[in-house]
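Below is one structure; the comments refer to it alone.
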Amino acid sequence: MRSGVSIPAAVNMAGVGFRKVVRALTKSKGSGFSALLSGCRAASGPAKGSLPGPFPQTPEERAAAAKKYNMRVEDYEPYPDKGEGYGDYPKLPDRSQHERDPWYKWDHPDLRRNWGEPMHWDFDMYIRNRVDTSPTVVPWSSMCKQLFGFIGFMLFMFYLGEKFPAYQPVAPKQYPFNNLHLEKGGDPEKEPEDVKNFEI
Amino acid sequence: MGAHLARRYITETDTEPDPAKKFEFDPTFGFPERKEREMTATQEQMNLAQVPVEQRDYCAHHLLTLMKCKRDNWPNFLACKHEKHDWDYCEHQDYVMRMKEYERERRLQLRKKRIEAKTEAEAA
């Protein structure tokens, strides 16, 4: 066995395939940069074969994809293949976690999800702090009617109030000095309209 | 809500006066002589007292005495009842005068309408 591992060669003990590590270290084929590259990758990511793959074409591929995602073949439905990049990821109903049973003993109670359950594409949007797709207590149409009916009515009444204002049956207030021409910022040179006020 | 509103918008829409518009009839019409309103406080006095523009009306002299009384008697805020009453009474009279002016305009309009109806009836 060759001893003396070159120092730049990183020893990745958290790597997949310990044998490959040893082989890489001992062989050290080539010189320069290729000697530094280890022949194995980190084990911290998903296992090979559990990552999403391309869109399933055959029924066997569909069955395999359903098994991969822990789903029944009948339930499994991939996104339509429009070149958007979903691959074989399943299309789950767009329901948020608010709609799930609050009393059931979930593995992750705050996420209301069990271990191994397939996750929605937008699961981070559908958590309980964010988007809520719960059905409304009152039908949407009746809510719309009530809101817009009220707003419309108020706008109509304000319009009528503009058209037919309510006022006190008094003449306008009389001010001295030609309706306070100077006090209101009028030009001192220009002669104002002569306003005469009389006693009653 | 107010007989004048019912008159203005429903029953007598053509004769009821609109305070937003200028009144049609001359203020001296029907009077043999009409005395002009006297303004007691001068512009200079009002400027020195920094009276707000809306309060520079024909009762401003009462307001000036009230302001002086208040300033002289602070912190006794109950001291100027007499001056306050004078100013309030003047403002009240002014408001009553406005009501009377409005009523005068209304009656003159009705009179005009009656005269027109009469001349039309005679012509026909």
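In what follows, every chain begins at residue 1, and chains take the letters A, B, ... in the order their sequences are listed.
The nearest pair of heavy atoms linking A/Phe177 to B/Met46 is CE1-CE, 3.7 Å. Residues A/Leu180 and B/Arg56 come closest through the heavy atom pair CD2-O, 3.7 Å. Between A/Pro172 and B/Pro19, the closest heavy-atom pair is CG-O, 3.5 Å. When all heavy atoms of A/Pro176 and B/Tyr58 are compared, the pair lying nearest together is CA-OH, 3.5 Å.
The structure places CD of A/Gln174 at 12.5 Å from CE of B/Met39, a figure rounded to the nearest 0.5 Å. Taking CD from A/Gln168 and CZ from B/Arg98, the interatomic distance works out to 9.5 Å, rounded to the nearest 0.5 Å. Annotation: the span from B/Glu36 atom CD to A/Phe198 atom CZ amounts to 5.0 Å, rounded to 0.5 Å. The distance from the CD atom of A/Glu199 to the CE atom of B/Met97 is 9.0 Å, given to the nearest 0.5 Å.
For residues 177-186 of chain A, the side-chain hydrogen bond (donor to acceptor under 3.5 Å, both in side chains) pairs, not counting sequence neighbours, are A/Glu183-B/Gln43.
Ion pair B/Glu101/A/Lys173 not flagged as a salt bridge, since none of the NZ, NE, NH1 or NH2 atoms sits closer than 4.0 Å to an Asp/Glu carboxylate oxygen.
Counting only distance, with no hydrogens or angles, the side chain of A/Tyr175 and the backbone of B/Glu54 share a donor-acceptor pair below 3.5 Å.
Heavy-atom pairs under 4.5 Å with chain A peak, among B/Glu16, B/Met99, B/Lys35, B/Arg34, at B/Arg34. Interface check for chain A: of the options B/Asp94, B/Val96, B/Asp57, B/Thr28, the most heavy-atom pairs under 4.5 Å are formed by B/Asp57.
Proximity to chain A (any heavy atom under 4.5 Å) is shown, for B/Phe31, by neither the backbone nor the side chain.
No more than 12 heavy atoms of other residues, nucleotides or ligands shown are found within 6.0 angstrom of NZ on B/Lys84. Heavy-atom contacts from other residues, nucleotides or ligands closer than 6.0 Å to CD of B/Glu38 number 12 or fewer. More than 12 non-hydrogen atoms from other residues, nucleotides or ligands lie less than 6.0 angstrom from CZ of A/Arg100. More than 12 heavy atoms of other residues, nucleotides or ligands shown are found within 6.0 angstrom of OH on B/Tyr95. When the shell of 6.0 Å around CD of B/Glu44 is examined, it contains 12 or fewer heavy atoms from other residues, nucleotides or ligands.
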Considering only distance and modelled atom types, tabulate donor-acceptor pairs under 3.5 Å from the side chains of residues 143-167 of chain A, sequence neighbours left out.
residue: A/Tyr167; atom: OH; partner: B/Arg8; partner atom: NH1; Å: 3.4

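Both A/Tyr69 and A/Trp121 belong to a single network of hydrophobic side chains, linked directly or stepwise wherever heavy atoms of I, L, V, M, F, W or Y lie under 4.5 Å apart. Under the 4.5 Å side-chain heavy-atom criterion for ILVMFWY residues, a single connected hydrophobic cluster contains both A/Tyr86 and A/Met119.
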